[in-house]
Q: 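Below is the structure I would like to discuss, written out as structure tokens.
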Amino acid sequence: MTDIRYLAPSTLDEAVRAFAAASGAARILAGGTDLLVQMRAGIAKPGTIIDIKKIPELTAIEDLGGGAYRIGAAVSGAVLAEHPTFRKAWPGVLEAVNLIGSKQVQGRASPGGNLCNGSPAGDSVPAMVAAGAVVTIQGPNGRRDLPVEKVPAGPGRTTLAPGEIVVAFTLPQRPKGSGDAYLRMIPRTEMDIAVVGMGVNLTMEGGVVKAARVGLGAVAPTVLLVEDAAKALIGTKLDDAALEAAAAACRAACKPINDKRGTIAYRIKVAGVLLKRTAAIAARRAGGN
Amino acid sequence: MNDMTNKWIGQRTIRPDGADKVTGRAQYSADFAMPGMIHAKMLRSPHAHARIRGIDTSKAEALPGVKAVVTAKDVVDFPLDKSVMLGIQDMRWMCRNVMAREKALFHGHPVAAVAAINEEVAAAACALIEVDYEVLPHVIEIEDAIKPDAPILHEWNKFEGKPSNIAGTMVLKTGDVEKGFAEADVVIERTFTSRPVHQGYIEPHACTVSYAADGRVTIWSSSQGQFMVRAMTSLLTGVPQSNIRAIPAEIGGGFGAKTIVYLEPIAVLLSKKSGRPVKMVMTRDEVQRATGPAPGSLSTVKIGARKDGTIVAAQGTFYLQAGALPGSPLRGPVGCSFAAYAIPNVLSVGYDVVSNRSKVAAYRAPGAPLGAFATECVLDEIAEKLGLDPLEMRLKNSAKAGDKAIYGPVFGEVTFKETVESILHHPHYKAPLDKNPSPGVKRGRGVASGFWYNAGGESSVQVNITEDGNVVVTTGHPDVGGSRASIANVVAELLGIDHSRVSVLIGDTMTIGFSNLTGGSRVTFASAMVATASTEKVIGQLKERAGKIWGIDAEAIKWEDGMALPAGDNAGKFPPLSLKELAAKANEMGGPIGTQVQLNTTGADPGFATHCVDVEVDVDLGIVRVLRYTAAQDVGRALHPGYVEGQIQGGVVQGIGWALSEEYLYDKNGRVDNASFLDYRMPVCSDVPMIDPVVIEIPNPKHPQGVRGVGEAPIVPPLAAIANAVHDALGKRFYALPMSPPRVSERLEQP
């Protein structure tokens with residue numbers, strides 16, 4: 001039997017040092033809802049596991065005011081759901097994070113893990129992209145910030161340098177009249193993986209879209225920021241023509257594969273449908289803010 | 001014995017296995033352990049189709065920690081030219097299914113097994129086994145397998161004089177279909193396809209086996225028949241049945257697929273070679289790749305009717321996927337599809353088609369749902385064309401008592417009409433349905449019926465009175481659907497004692513007489529019959545004992561409310577003797593009280609079911625959801641209504657998965673691409689509404705409590721009922737399952 005070292009450092013510096021020292025043989029453990037499954041399936045065989053949940057910064061949620069939040073990378077979905085103000089501020093991000101796995105998995109699964117797993121179908125990622133989240137990363141060469149959409153590099157891969165650990169997500173301030181939403185298409189109602197995931201974040205003023213961001217998952221090697229879809233929405237009242245133009249932009253952005261979870265044609269079609277539905281929810285929420 | 005005054009029969013008594021299951025104490029097959037036990041893994045074929053030119057196990061055997069290696073040469077060979085049957089299983093195919101012999105016939109087919117000090121070493125040793133494969137072209141789908149130039153799995157198998165993948169046929173015929181169709185005002189012929197679906201039991205196959213130094217074998221495993229485990233293991237290993245003790249574990253679902261063995265004979269051979277107890281546990285991946293499933297189908301059904309809806313002719317052609325070795329359940333669609341209807345001219349033909357996928361196993365009403373899918377959809381189309389209510393049309397054509405069934409016997413009772421009428425008059429069928437509730441959402445309602453043979457067969461039981469005057473009942477059937485709870489109700493009723501005083505357990509092959517498999521909706525029927533006979537004998541013994549004590553004739557004694565009483569004033573006046581009092585005096589009055597009854601039970605009348613379903617379609621996404629489902633079935637007598645309802649609900653939910661979401665996906669190399677519960681999409685709880693069972697109780701006159709089988713019939717109608725409902729919602733007919741979102745979406749874009 002292979003021995004596995006388990007480390008649970010209480011500071012980020014220790015974690016980074018241990019991670020760098022293991023030179024590729026270590027894996028970061030947040031909730032473990034991907035890592036442990038991969039280990040049981042024999043896909044991941046780490047020599048060292050570095051549990052980051054003992055590091056206070058990684059499990060903290062900070063209300064920075066004005067709608068801005070800082071969420072530790074290892075905060076679980078269940079803990080985020082219990083936060084007194086976050087639900088109202090970023091309902092789309094929260095519903096996306098809360099779609100990672102089942103109720104039981106929610107006690108563990110974290111947005112940091114979801115991002116670093118590198119799956120194009122990770123539920124929290126399109127919502128974070130739509131939200132304009134910035135990821136704080138710490139590594140052997142110090143700390144840096146990166147827009148969340150720059151982290152995934154392809155299925156199972158990220159742009160993180162060796163030894164780098166995702167520390168936190170910062171969601172920006174946003175004006176009154178903003179709202180976000182996340183929808184995914186799954187064949188079942190639960191316990192499934194997104195065939196398409198759609199995050200939309202809107203700022204409305206007098207019924208007109210002032211700002212928009214669209215994050216699209218499971219239709220390309222990485223989660224996409226669909227700027228053309230956002231452009232098609234900005235300055236409109238979300239009339240049918242604007243929604244159709246944004247849907248068309250989403251369809252055009254898709255570079256999906258045929259696989260066991262969906263066909264190319266179906267995924268492209270669904271991306272357009274979900275854009276319209278998600279934008280409608282985000283707009284409703286923006287109106288309510 | 002079967003009325004409203006019953007105290008226990010028909011009650012929702014606490015299930016005997018409940019406490020153990022909810023507290024995690026129930027012993028499933030993977031829960032057994034023995035001192036010195038080692039662990040085994042299978043090496044499985046990485047190819048869908050390959051000739052095995054040689055296997056070199058020397059490196060694996062040399063690996064430290066490895067205790068035994070087994071290949072096909074260790075398994076008893078059943079030569080191809082002579083069929084050896086055990087029930088419906090041909091041992092020529094079973095010996096090749098448990099371990100590939102001449103060829104690896106599907107991806108995941110076992111080619112060798114290793115037992116070692118732990119699973120990791122066993123897996124490492126498997127990787128050291130060198131198999132010399134000659135990779136051959138493979139074929140997965142029925143359409144491809146029956147093409148003239150298809151890769152042939154079994155060169156020795158001939159059909160119409162040529163090597164073929166058609167390994168068998170079945171034909172049932174009555175009247176003259178050509179003449180019948182000529183008399184019809186409307187004839188509709190359609191072709192349907194469906195995909196193989198897995199039984200989806202939660203508990204993977206597992207066993208622990210001890211081959212002792214004296215050649216005696218003990219097997220702990222979960223199955224639908226410990227006697228089947230004993231017999232198949234004996235045939236495949238050469239160990240006599242009298243040396244095999246097969247102990248049934250609690251079973252975490254079987255649905256038919258645990259009526260054959262996969263691991264037990266191999267574990268016996270490994271235990272014999274190593275001299276150690278051996279445990280083998282499949283992973284979910286192995287279960288999905290190499291066990292079950294139910295067959296996929298390619299069916300053409302043609303039905304002709306007169307304007308008034310009278311069916312005058314029906315023809316069915318059913319190609320079923322057998323998997324890698326012959327033996328698909330042809331009698332399901334061929335015999336059941338038209339059985340509920342009185343049709344003068346019928347031709348029903350089945351073809352057994354082999355291809356490079358795992359060998360099919362029984363699944364709830366094996367094959368019948370596939371036939372009903374085609375038949376009940378065509379009937380719906382005919383009713384639509386003739387402007388008839390589809391249920392009225394079924395009523396009009398119902399088979400009647402005295403009709404000769406297409407599969408042979410003359411029907412006694414036929415209670416099909418009652419199931420149709422029950423839906424026809426149900427609030428569900430009468431409830432208005434808003435077909436366009438909101439933009440992009442459509443709703444529809446569909447109905448369909450189903451038939452299953454039901455069965456009796458061999459059953460053994462012991463009823464023993466304990467010294468303290470309570471009752472232990474031992475049956476020979478694994479309990480997959482509430483048979484223990486049902487038998488406890490029957491025995492408590494007959495003895496007139498409190499239910500809590502009856503314990504029912506399942507004996508192993510050395511403690512109870514031969515009992516056939518739990519399957520075919522037979523066990524509650526059969527075991528209630530033998531338990532009744534046995535309990536009545538015990539009551540006879542109790543009366544004799546009372547007679548001895550009182551010095552009167554046993555005939556002058558009656559048994560009531562758990563006590564012996566003089567039958568009338570002429571018998572004399574004696575205070576009643578309770579079961580406890582009689583038990584306390586058992587030894588001085590003639591010895592222990594108890595009996596065993598063994599019967600080949602008969603009189604299982606067929607099961608009929610009619611279902612009604614409302615669906616909602618998300619048109620843009622192609623998602624079909626079931627909103628409401630009502631399932632009517634004649635169960636004869638619900639000994640334990642909770643279990644009866646559970647059987648109906650379970651069958652329906654499995655049918656919903658079959659209709660909407662479940663399918664095997666293969667890659668271009670012939671490998672299953674979705675061998676997990678994540679991507680093999682069975683419905684989860686939130687996918688289905690509460691299924692409303694309508695339990696009709698028309699007692700079976702040939703059974704002491706009136707029981708008919710319950711478990712199979714409810715999975716027969718759902719595929720067609722849902723397809724008919726989707727048609728009602730969308731105005732388009734679906735001839736292929738599953739109606740998954742991409743397929744529905746694609747179909748909606750077609751004209």
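Numbered from 1 within each chain, the chains take letters A, B, ... in sequence-line order.
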Q: Let me confirm one number: the CG-CG distance from B:L678 to A:D192, rounded to the nearest 0.5 Å.
A: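 Here the interatomic distance stands at 6.0 Å.
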Q: Given heavy-atom pairs under 4.5 angstrom as the criterion, report whether the side chain, backbone, both or neither of B:S745 touches chain A.
A: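 It is both, since atoms from each part get that close.
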Q: Please report the closest heavy-atom contact between B:P741 and A:Y266, naming both atoms and the distance.
A: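 Residues B:P741 and A:Y266, closest heavy atoms: CB-OH, 3.1 Å.
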Q: Can you tell me how far apart CG (B:L621) and CG (A:L183) are? Round to the nearest 0.5 Å.
A: 9.5 Å
Q: Is chain B contacted by the side chain of A:I186, its backbone, both, or neither, given a heavy-atom distance below 4.5 Å?
A: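 A:I186 touches chain B through backbone heavy atoms alone.
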Q: Between B:D618 and A:R277, does any side-chain N to carboxylate O distance fall below 4.0 Å?
A: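 A salt bridge is present here (some side-chain N lies under 4.0 Å from a carboxylate O).
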Q: If you count heavy atoms of other groups shown closer than 6.0 angstrom to CZ of A:R87, is the number above 12?
A: no
Q: Within a reach of under 6.0 Å around NZ of A:K237, are more than 12 heavy atoms found that belong to other residues, nucleotides or ligands?
A: no
Q: So what's closer than 4.5 Å to chain A heavy atoms on B:E746: side chain, backbone, both or neither?
A: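 Neither part, no heavy atoms under 4.5 Å.
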Q: How many angstroms lie between CG in B:D687 and CD in A:E190, if you round to the nearest 0.5 Å?
A: 8.5 Å
Q: What is the distance from atom CE of A:M191 to atom CE of B:M682, rounded to the nearest 0.5 Å?
A: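 Nearest 0.5 Å value for the CE-CE distance: 11.0 Å.
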Q: Which bit of B:Y680 comes within less than 4.5 Å of chain A, counting heavy atoms only: side chain, backbone, both or neither?
A: backbone
Q: Can you tell which part of B:S686 gets under 4.5 Å to a heavy atom of chain A, answering side chain, backbone, both or neither?
A: both
Q: Working to the nearest 0.5 Å, report the span between CD1 of B:I623 and CZ of A:R188.
A: 13.0 Å
Q: Is the number of heavy atoms from other residues, nucleotides or ligands under 6.0 Å of B:R443 CZ greater than 12?
A: yes
Q: Evaluate whether atom CZ of B:R284 has more than 12 neighbouring non-hydrogen atoms of other residues, nucleotides or ligands under 6.0 angstrom away.
A: yes
Q: Going through the distances and angles, do B:N674 and A:R261 end up as a side-chain contact (heavy atoms from CB on, under 4.5 Å)?
A: CA-CA 9 Å; B:N674 60 335; A:R261 292 177 186 147; over 6 Å; no
Q: Counting heavy-atom pairs under 4.5 Å to chain A, which of B:D679, B:D285, B:D673, B:L665 comes out on top?
A: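 Of B:D679, B:D285, B:D673, B:L665, B:D679 has the most heavy-atom pairs under 4.5 Å with chain A.
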